[in-house]
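Count residues from 1 along the sequence. Note that the coordinates shown come from a computational prediction; the quantities given were computed from them, not determined experimentally.
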Amino acid sequence: MRKRSFHQDLGSILNKLFSIAIFLILFHFFGNSILDDTIIALISIASYPLVGAFLRGIGVWHY
């Protein structure tokens with residue numbers, strides 16, 4: 001049971017870190033305009049489940 005909790009916590013943390021990293025990289029490239037912020041927000045929202053799927057695919061996050 002402990003292993004499951006560890007993987008769940010690790011996966012959640014990695015998912016958040018990767019999603020924040022993607023957001024910061026896009027923010028760096030697109031800057032501060034209103035349209036660009038909207039694009040960044042939409043990509044960041046879409047990237048969150050994709051990062052989770054990737055982490056589950058490589059076996060780090062099973063849940």
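Looking at residues two or more places apart in sequence or on another chain, you find a side-chain contact (heavy atoms from CB on, under 4.5 Å) between Leu42 and Thr38. Residues that satisfy the side-chain contact (heavy atoms from CB on, under 4.5 Å) test with Ile20, not counting sequence neighbours, are Leu24. Applying the side-chain contact (heavy atoms from CB on, under 4.5 Å) test to Tyr48 and every residue at least two apart in sequence or in another chain returns Asn15, Lys16, Ser19.
Connectivity analysis of hydrophobic side chains (ILVMFWY, heavy atoms under 4.5 Å, direct or indirect) links Ile13 to Leu17.
To the nearest 0.5 Å, the span separating CD1 on Ile43 from CD1 on Ile39 amounts to 6.5 Å. Taken from CD1 in Ile58 to CG in Leu14, the straight-line distance is 8.0 Å, to the nearest 0.5 Å.
Hydrophobic clustering, with ILVMFWY side chains joined whenever heavy atoms are under 4.5 angstrom apart, groups Leu10 together with Leu55.
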